[in-house]
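So the structure is just underneath, and the comments pick up after that.
Reminder, nothing fancy here: chain letters follow the sequence lines and each chain counts from 1.
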Amino acid sequence: MLKQIEGSRGVAEAVALCRPEVICAYPISPQTHIVEALSTLVKSGELAPCEFVNVESEFAAMSVAIGASAAGARSYTATASQGLLYMAEPLYNASGLGLPIVMTVANRAIGAPINIWNDHSDSMSQRDSGWIQLYAETNQEALDLHIQAFRIAEELSLPVMVCMDGFVLTHAVERVDVPSAELVDAFLPPYEPRQVLDPDEPVSIGAMVGPDAFTEVRYLAHDKQMQALELIPAVATDFAAAFGRDSGGLVRPYRCEDAETVVVALGSVLGTIKDTVDELRDEGVKIGALGLTSFRPFPLDAVRTALGHARRVVVLERALAVGIGGIVSANVRMALSGIQLRGYTVIAGLGGRAITKTSLRGMLTEALADRLEPLTFLDLNRDLVDRELRRTRTTRRSGPAAENLLRDLGHARIG
Amino acid sequence: MGQQRIRFYQTGSFAVGNRLLDPDQRSVQSDTRRTNSLNSGHRACQGCGEALGARYVLDAVMRATGNQMVAVNATGCLEVFSTPYPESSWQMPWLHSLFGNAPAVATGVAAALKAKGRTDVRVVGQGGDGGTVDIGLACLSGMFERNDDVLYICYDNGGYMNTGVQRSGATPHGAATTTTPAVGPAPGNDFGKGKNLPLIAMAHRIPYVATATVADLRDLEYKAKRAMEFRGARYLHVLVPCPLGWRTASNETIRVARLATETGIFPVFEAEDGDVVDVTKIRKRRPVADYLETQGRYAHLFGDHPREDVIARIQAEADRNVRVFGLVDSAVSDGRG
Amino acid sequence: MFQVRVHGRGGQGVVTTAELLSVAAFSEGRHAQAFPTFGSERTGAPVVGFCRIDDKPIRTHEPVACPDAVIIQDATLLHQVDVFDGLAADGYLLINTSRSLGDLGLDSFVGRFDRVMTVPASELAMKHLRRPLPGAVLLAACAALTGQIRLASVVAAIEGRFSGQVAAGNIAAADAAYEMVRSQMKEPARAEAD
């Protein structure tokens, strides 16, 4: 049914349709609306049988999900930013134990400095945790991916995080199609655990594994993600057949077939990128875009196929590997190993800075002329940065950098 | 009234044998049909108080629940020695996640069972004092305040033993550990620090809180059984001597635990909804020195340069416990003269 | 695509205004997107709401830089925030005020815009709703001014969000505003002279 609702609401309704048995979450902007909506559905009895546990921290949230999932319940939680970091230990524990938990990450920057706005540094920081990572481009896809996520997770016995841009998607009111309960039930059967805590068939789960078997255990974890490379597109195909629309999958190329330049990105920025690509195409530029939906497992083959024929690849990412540069671009480069082309990393939208069509056009104009640096920070206020660098070079007690920058910005505005 | 009052006529013996009793009064441990929840073959140290306590408690819980129980274990000695890869000594469903999250994981198991309508299956969370009073405290408090249907058992040996005997928030005052060594003007664990988890549990007003030791099997079994009669959050704090960390002889574990109660250092009691409802009285009070001198971790208080002042402070704490909990009936001598 | 930017202060229902505009467009079978500037909301702090309406799916989620219409719910913002940023000369400008543009010191500002309309939205809201929440009024005024949505859609959006007296009050205020703007538009000379 078509509804004009907030992205968070759409996700909550999708999760509810998946019939989770345990929901445990700790509030953090910008995920709050999702868990608030779910708590109302549980409290009113609309979503039953389901236990909603108001946990005392994100560490507890993931831990409760672990216990619930190990006891055979379909379990769900959601978080962002600092909360994802706070649950880092149980995050690895969940994937190591092979528990099919599904979690929404409402992508938000990580501090310090504290920042509540959208970027991908949170989920990127946990890219090696063993969780499958899927990135939604739109609110419709965010909704759809949760339904697919439970199926993928339970089939593989591996947890899945669905990433959606915080505020930008979570708090945008848009038209989405919320599927019927019958359709979801047909697509997503009840959870049949591979391992479960059952007094009738006792097992010990979580034993220590020494050097004699640890490598093999880790190899199997990697193998599961390799299986996911097949399963994710298969589930997307099934989804399209059942629900009538394309959602999910590994990658989504846009006008790449004859493109000489391709922009690679994840998440909602792809919308603006596509608008920019269309404009440039109208002007005769052979440009396309490649959206990455699955970041883990990283679809090396699919990316190579989509980009291999291009002359120029611009990877636009909303996260930064401090000390080296791009995260996504490093992974993309691996997919293109052996292929000669010009690659550019553009760090954009950190901490919620808007990525505008105007800025994208400007950056792409430079890229098309190969005037771009290998690593660029889009819309960097060079003046602001230089002022702080000068300050630190001349004074030892230069004070907190962030506050200095804010003060300078304030002066600029007043003056 | 609390525990059974059984008088043993065999003195000088620590037998838990029950031939003189009616079958229904015998301990779970004396029954050949006990589950041996923690089965033999585990790798605990000789004389490990935690292994003893865990077996006693869990067998009693299995009896009380008709073997319908799931256990969640924190990282620590119990988890490590009970599951030496590739073996497990557990005879019931058992889950180990992390060091600090056992109470939260147990909450999750209980929530799942409730959602599935399997409230006949009960949940136990367990860990050492490190995992319970320090790193696991936030999760434990969360479980308490939500009144989740979990019995949490803390096996308290006063330190992080599995990692080499470091100090925890439950380490008693004056005790030497590797991070509170017996050197300098204030040797051993500082006074004025530390937490009392049973009291913290009571402050949450949960249905049932009890303390016990491995010296009194029947009391321990009774409390495990009693705890399972409640629904909601329950807490059992069991004193378990650690021969390695306490530097006691491995055949002294039960005797040392008994001394802890007889000196008043470890009060044994039950509380419901935040109020003490029963206390185990001390029959014959012993001075704290009798307890302290059994253990190498207090050796620095004796010997060539004895620290009578420290012993006096520990005595004062024990006296306070006696007073606050009413551990000694006025008619009975405190045996210190 | 038709893009609207709504300026106001926290607590005045700016976000709701943008949302209801999108709901109204949705009810007419069009694609619509609404979102606020995000942040630690404080009552009284400047807030911006955005709304895009189109007949095809809206892909971009960046803030509205070049609005086709700007709605100003709180006229005190006019000298504090650049509310006109990106608005073309032929864009629509709808200002909530019962005073004249001259009184507001805005003659020079708005002189470059052709389609300016003032509406005493807060007063209408007080009259029909007994609360100074001018959103519904401004939505109806926007419908009248721009023709992007029908009044009936605005009413339906209000009924979907509110109930009882609150809905009735909002609808009455909306109706009144719609009529007021329509009649003002029939007399363009008077609108500009104010």
Decide if atom [atom1] of [X] counts as having more than 12 heavy atoms of other residues, nucleotides or ligands within a radius under 6.0 Å.
X: Arg43(B); atom1: CZ; answer: yes
X: Arg34(B); atom1: CZ; answer: yes
X: Lys225(B); atom1: NZ; answer: no
X: Arg194(A); atom1: CZ; answer: no
X: Gln46(B); atom1: CD; answer: no
X: Leu183(A); atom1: CG; answer: yes
X: Glu216(A); atom1: CD; answer: yes
X: Leu244(B); atom1: CG; answer: no

Which heavy atom of [X] sits nearest to which heavy atom of [Y], and what is that distance?
X: Tyr85(B); Y: Ala213(A); value: OH-CB, 3.1 Å
X: Gly206(A); Y: His96(B); value: O-ND1, 2.7 Å
X: Ala71(A); Y: Val109(B); value: CB-CG1, 4.0 Å
X: Trp90(B); Y: Ser204(A); value: CB-OG, 3.7 Å
X: Asn54(A); Y: Arg146(B); value: O-NH1, 3.2 Å
X: Ala112(B); Y: Ala68(A); value: CB-O, 3.5 Å

Query raised in the report: When only pairs under 4.5 Å are counted, which of Glu201(A), Glu21(A), Arg74(A) shares the most heavy-atom pairs with chain B?
Result: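 Looking at each option in turn, the highest pair count goes to Glu21(A).
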Query raised in the report: What residue in Ser57(A), Ala70(A), Cys24(A), Pro90(A) has the most heavy-atom pairs under 4.5 Å with chain B?
Result: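 Winner by heavy-atom pair count: Pro90(A).
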Query raised in the report: Okay, side chain of Lys114(B), backbone of Cys50(A): is any donor-acceptor separation there less than 3.5 Å?
Result: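 Not at all, since once roles are kept as given, no pair shorter than 3.5 Å links the two residues.
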Is [X] in contact with chain B via its backbone, its side chain, both, or neither, using a 4.5 Å heavy-atom distance?
X: Val55(A); result: both
X: Leu97(A); result: side chain
X: Ala60(A); result: both

Starting at [atom1] of [X], measure out to [atom2] of [Y] and round the result to the nearest 0.5 Å.
X: Asp198(A); Y: Arg118(B); atom1: CG; atom2: CZ; value: 7.0 Å
X: Glu89(A); Y: Ser97(B); atom1: CD; atom2: OG; value: 8.0 Å
X: Phe59(A); Y: Ile135(B); atom1: CZ; atom2: CD1; value: 6.5 Å
X: Thr107(B); Y: Glu51(A); atom1: OG1; atom2: CD; value: 11.0 Å
X: Ile205(A); Y: Leu95(B); atom1: CD1; atom2: CG; value: 5.5 Å
X: Asn101(B); Y: Met62(A); atom1: CG; atom2: CE; value: 11.0 Å

**Report entry** Chi angles and distances behind the side-chain contact (heavy atoms from CB on, under 4.5 Å) call for Gln68(B), Asp200(A)
**Finding:** CA-CA 8 Å; Gln68(B) 299 296 300; Asp200(A) 295 335; 4.1 Å; yes
Requested in this report: Start with the C-alpha gap between Trp94(B) and Val203(A), add the side-chain angles, then the distance that decides, and say whether side-chain contact (heavy atoms from CB on, under 4.5 Å) holds.
Outcome: CA-CA 6 Å; Trp94(B) 180 91; Val203(A) 286; over 6 Å; no
Portion of [X] that has a non-hydrogen atom of chain A nearer than 4.5 angstrom:
X: Ala111(B); value: both
X: Val123(B); value: neither
X: Val70(B); value: side chain
X: Gln91(B); value: backbone

Query raised in the report: Where do Glu56(A) and Glu145(B) land on the side-chain contact (heavy atoms from CB on, under 4.5 Å) test, with the steps shown first?
Result: CA-CA 10 Å; Glu56(A) 66 282 0; Glu145(B) 96 35 36; 5.6 Å; no
Out of [options], return the one with the most heavy atom pairs under 4.5 angstrom to chain A.
options: Gly100(B), Pro84(B), Ser89(B), Ala71(B); result: Gly100(B)
options: Met92(B), Lys116(B), Glu79(B); result: Lys116(B)
options: Leu113(B), Thr83(B), Val105(B); result: Val105(B)

